[in-house]
Peer 1: 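Here it is, the structure, as structure tokens.
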Amino acid sequence: MILQWLKRQLALNAGSSLTKQLSGRYFNNTDLLAIDVELTSLDAKVTDITSIGWVAGKGGQLSLGSCEYFVIKTSAALGQSPVIHGLTHDILAQGKPLAVSLDKLMPLLQSSVLVFHNASLDLAALNKAFIELSLPVIDVIYIDTLKLAVYQLNKQHQVLPTNSATLTVCRQRLDLPSCPEHNALDDALATIQLLFAQFEQFGLDQTSPLSQLLHTKAVGKYRLGEKQKR
């Protein structure tokens with residue numbers, strides 16, 4: 001009973017802290033940064049990043065001039081990655097060191113609210129990279145478009161249909177145009193466009209506070225560079 005009470009208190013405190021951090025953040029004044037990483041594995045403990053892409057947005061508009069894309073030099077085992085992403089050992093051998101891309105990304109991480117489609121996987125991969133490169137520990141706030149989609153789907157289905165929350169299917173459901181898949185920058189662009197459409201789906205406008213999404217559990221915070229407790 002005491003353990004359950006402590007867990008509830010920790011959850012309440014975490015939620016309260018996030019609410020405070022979101023204070024004053026509205027859709028029209030918040031810098032958003034959609035990030036996507038392509039990986040060698042879906043196992044966060046062993047996965048390596050093969051490419052990373054990001055794009056900034058604000059007030060319902062994305063900034064094409066902010067787009068960045070890096071192929072990452074790695075000799076890790078690729079598994080099915082070349083088939084899915086088209087990144088072979090030859091291509092990766094010509095890539096940039098991961099530290100170069102993260103050095104450019106770092107200033108944006110704390111000044112923006114991050115946007116992911118499946119935040120848990122991408123954040124775990126970034127966290128592993130932070131630890132391996134001994135980068136400073138930083139706290140980030142994020143929105144997960146996958147969780148926003150699942151929240152809406154759970155209103156309609158007791159059991160979610162297979163593949164109903166993929167990035168492509170989520171976009172199709174909101175009548176967004178088709179776009180290329182399995183490229184980190186293309187997926188980042190697709191994700192931020194999806195988020196803007198989801199704002200409208202939730203009946204929110206540009207003057208709505210980000211805190212109005214807290215009930216969906218799609219908004220959270222994460223500490224990059226710190227070994228996660230099991």
Peer 1: Under the side-chain contact (heavy atoms from CB on, under 4.5 Å) rule, what do Val37 and Ile72 come out as? Steps first, then yes or no, please.
Peer 2: CA-CA 10 Å; Val37 293; Ile72 304 303; over 6 Å; no
Peer 1: Of the non-hydrogen atoms in Pro136 and Met106, which two are nearest, and what is the gap between them?
Peer 2: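 Closest approach of Pro136 to Met106, heavy atoms only: CD-CE, 3.9 Å.
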Peer 1: Backbone N or O of Glu38 within a donor-acceptor pair of the Thr50 side chain at under 3.5 Å?
Peer 2: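 Flag set: sc Thr50 to bb Glu38 pair under 3.5 Å.
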Peer 1: Answer yes if the side chains of Ser101 and Asp103 hold a donor-acceptor pair under 3.5 Å, and no otherwise.
Peer 2: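 Not at all, the side chains of Ser101 and Asp103 share no donor-acceptor pair under 3.5 Å.
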Peer 1: Using the side-chain contact (heavy atoms from CB on, under 4.5 Å) rule, take Arg223 and Phe130 through it: C-alpha gap first, then chi angles, then the decisive distance, then the call.
Peer 2: CA-CA 10 Å; Arg223 177 158 290 183; Phe130 265 59; over 6 Å; no
Peer 1: Considering residues, nucleotides and ligands other than Gln201, do more than 12 of their heavy atoms fall under 6.0 Å from its CD?
Peer 2: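 For Gln201, atom CD is crowded (more than 12 foreign heavy atoms under 6.0 Å).
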Peer 1: Look only at the side chain of Asn154 and the backbone of Val150, and say whether a donor-acceptor pair between them is shorter than 3.5 Å.
Peer 2: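 Here the side-chain-to-backbone pair exists.
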Peer 1: Could you tell me if the side chain of Ile35 sits less than 4.5 Å from the side chain of Asp122, heavy atoms only?
Peer 2: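 No, too far: nothing below the 4.5 Å cut-off.
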Peer 1: Determine yes or no for a side-chain-to-main-chain donor-acceptor pair under 3.5 angstrom, with Asn183 supplying the side chain and Gly53 the backbone.
Peer 2: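 Side chain of Asn183 to backbone of Gly53, a donor-acceptor pair under 3.5 Å: no, none is there.
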Peer 1: Search all heavy atoms of Asp144 against all heavy atoms of Ser120 and return the closest pair with its distance.
Peer 2: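 Looking at all heavy atoms of both residues, the shortest contact is OD2-N, 4.4 Å.
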Peer 1: Can you get from Leu194 to Leu64 by hopping between Ile, Leu, Val, Met, Phe, Trp and Tyr side chains that sit under 4.5 Å apart?
Peer 2: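 In one cluster with Leu194: Leu64, no.
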Peer 1: Could you grab the distance from atom CG of Asp187 to atom CG of Leu185, nearest 0.5 Å is fine?
Peer 2: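 If I round to the nearest 0.5 Å, the distance is 9.0 Å.
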Peer 1: For residues Arg173 and Leu153, determine if any side-chain heavy atom of one lies less than 4.5 Å from a side-chain heavy atom of the other.
Peer 2: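 Yes, side chains in contact.
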Peer 1: Roughly how far apart are Gln110 CD and Leu224 CG, rounded to 0.5 Å?
Peer 2: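 Gln110 atom CD to Leu224 atom CG measures 9.0 Å (nearest 0.5 Å).
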Peer 1: Can you get from Ile192 to Leu174 by hopping between Ile, Leu, Val, Met, Phe, Trp and Tyr side chains that sit under 4.5 Å apart?
Peer 2: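 Different clusters: Ile192 never reaches Leu174 through Ile, Leu, Val, Met, Phe, Trp or Tyr contacts under 4.5 Å.
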Peer 1: For the side chain to side chain contact (heavy atoms under 4.5 Å, CB included) test, which of Ile141, Ile143, Leu109 pairs with Leu114?
Peer 2: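 So, applying the side chain to side chain contact (heavy atoms under 4.5 Å, CB included) to Leu114 and each of Ile141, Ile143, Leu109, only Leu109 qualifies.
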Peer 1: Do Phe202 and Tyr151 have side chains that get closer than 4.5 Å, going by heavy atoms?
Peer 2: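 They are in contact (side-chain heavy atoms under 4.5 Å apart), so the answer is yes.
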Peer 1: Is the Phe199-Phe27 ring centre distance short of 6.0 angstrom?
Peer 2: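 Close enough - the centres of the two rings lie under 6.0 Å apart.
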Peer 1: Between Thr30 and Tyr26, what is the shortest heavy-atom contact and its length?
Peer 2: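 Heavy-atom minimum between the residues: OG1-O, 2.6 Å.
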Peer 1: Side chains of Gln212 and Pro209: does their closest heavy-atom pair fall under 4.5 Å?
Peer 2: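 When only atoms from C-beta onward are counted, Pro209 and Gln212 do touch, with a gap below 4.5 Å.
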Peer 1: Calculate, to the nearest 0.5 Å, the distance between atoms OG and CG belonging to Ser17 and Leu22 respectively.
Peer 2: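 If we round to the nearest 0.5 Å, Ser17:OG and Leu22:CG are 9.5 Å apart.
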Peer 1: For residues 159-167, please give each side-chain donor-acceptor pair under 3.5 Å, one per line with the distance, not counting sequence neighbours.
Peer 2:
unit_1 : atom_1 : unit_2 : atom_2 : d
Ser164 : OG     : Pro161 : O      : 2.8
Thr166 : OG1    : Val169 : N      : 3.2

Peer 1: For Leu121 and Leu39: C-alpha separation, side-chain torsions, deciding distance, then whether side-chain contact (heavy atoms from CB on, under 4.5 Å) applies.
Peer 2: CA-CA 10 Å; Leu121 179 59; Leu39 305 169; 3.8 Å; yes
Peer 1: List for me each residue that meets side chain to side chain donor-acceptor pair (under 3.5 Å) alongside Gln193, sequence neighbours excluded, and say none if there are none.
Peer 2: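 Partners of Gln193 under the side chain to side chain donor-acceptor pair (under 3.5 Å) test: Arg171.
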Peer 1: With rounding to the nearest 0.5 angstrom, report the CG to CG distance, Leu126 to Leu102.
Peer 2: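 CG of Leu102 is found 6.5 Å from CG of Leu126.
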Peer 1: Run Val219 and Val113 through side-chain contact (heavy atoms from CB on, under 4.5 Å) and show every step you take.
Peer 2: CA-CA 10 Å; Val219 183; Val113 170; over 6 Å; no
Peer 1: Identify the two heavy atoms, one from Asn118 and one from Leu146, that lie closest to each other, and give their separation to 0.1 Å.
Peer 2: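 What the structure gives for the nearest pair is N-CB, 3.6 Å.
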Peer 1: Do you know which two heavy atoms are closest between Asn29 and Gly24, and how far apart they sit?
Peer 2: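 Distance-wise, the nearest heavy atoms are ND2-O, 3.0 Å.
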Peer 1: Considering only NZ, NE, NH1 and NH2 on the basic side and carboxylate oxygens on the acidic side, decide whether Asp48 and Lys128 come within less than 4.0 Å.
Peer 2: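 Salt bridge between Asp48 and Lys128, a charged N being under 4.0 Å from a carboxylate O: yes.
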Peer 1: Tell me whether Leu33 shares a hydrophobic cluster with Leu123, the cluster being built from Ile, Leu, Val, Met, Phe, Trp, Tyr side chains joined at under 4.5 Å.
Peer 2: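 Shared cluster, yes.
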Peer 1: Are Leu133 and Leu108 grouped together when hydrophobic residues (ILVMFWY) are joined by side-chain heavy atoms under 4.5 angstrom apart?
Peer 2: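 Cluster IDs for Leu133 and Leu108 match.
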Peer 1: Are Leu62 and Leu176 linked, directly or through other ILVMFWY residues, by side chains that come within less than 4.5 angstrom of each other?
Peer 2: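 Different clusters.
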Peer 1: Testing the basics here: between Tyr222 and Ala124, what is the closest heavy-atom pair and its distance to 0.1 Å?
Peer 2: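 Here Tyr222 and Ala124 meet closest at OH-CA, 3.9 Å.
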Peer 1: Can you tell if the side chain of Phe70 reaches within under 4.5 Å of the side chain of Leu105, non-hydrogen atoms only?
Peer 2: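 No, too far: nothing below the 4.5 Å cut-off.
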Peer 1: Does Lys73, at its NZ atom, have more than 12 non-hydrogen atoms belonging to other residues, nucleotides or ligands within less than 6.0 Å?
Peer 2: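 12 or below, so no.
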Peer 1: Decide yes or no for Asp139 and Lys221: does some side-chain heavy atom of the first lie under 4.5 Å from some side-chain heavy atom of the second?
Peer 2: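 Sidechains of Lys221 and Asp139: no contact.
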Peer 1: Side chains of Ser41 and Asp43 only: does a donor on one sit below 3.5 Å from an acceptor on the other?
Peer 2: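 Their side chains do not contain a donor-acceptor pair, so the 3.5 Å distance test is not met.
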Peer 1: Kindly compute the distance separating CG (Leu98) from OG1 (Thr74), expressed to the nearest 0.5 Å.
Peer 2: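 Result: 9.0 Å between the selected atoms.
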Peer 1: Once you round to the nearest 0.5 Å, how far does CG of Leu18 lie from OG of Ser211?
Peer 2: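 Between Leu18 CG and Ser211 OG, I get 9.5 Å after rounding to 0.5 Å.
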Peer 1: Do the non-hydrogen side-chain atoms of Val71 and Leu92 ever get within less than 4.5 Å of each other?
Peer 2: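 Heavy-atom side-chain distance check passes, below 4.5 Å.
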Peer 1: Quick one: does Asn127's side chain have a donor or acceptor within less than 3.5 Å of a partner on Lys227's backbone?
Peer 2: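 No.
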Peer 1: Would you call Cys67 and Leu189 a side-chain contact if the rule is heavy atoms closer than 4.5 Å?
Peer 2: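 Of all side-chain heavy-atom pairs linking Leu189 with Cys67, at least one is under 4.5 Å.
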Peer 1: Can you check whether Thr145's main-chain N or O pairs, donor with acceptor, with Gln198's side chain at less than 3.5 Å?
Peer 2: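 Yes; at least one donor-acceptor contact below 3.5 Å.
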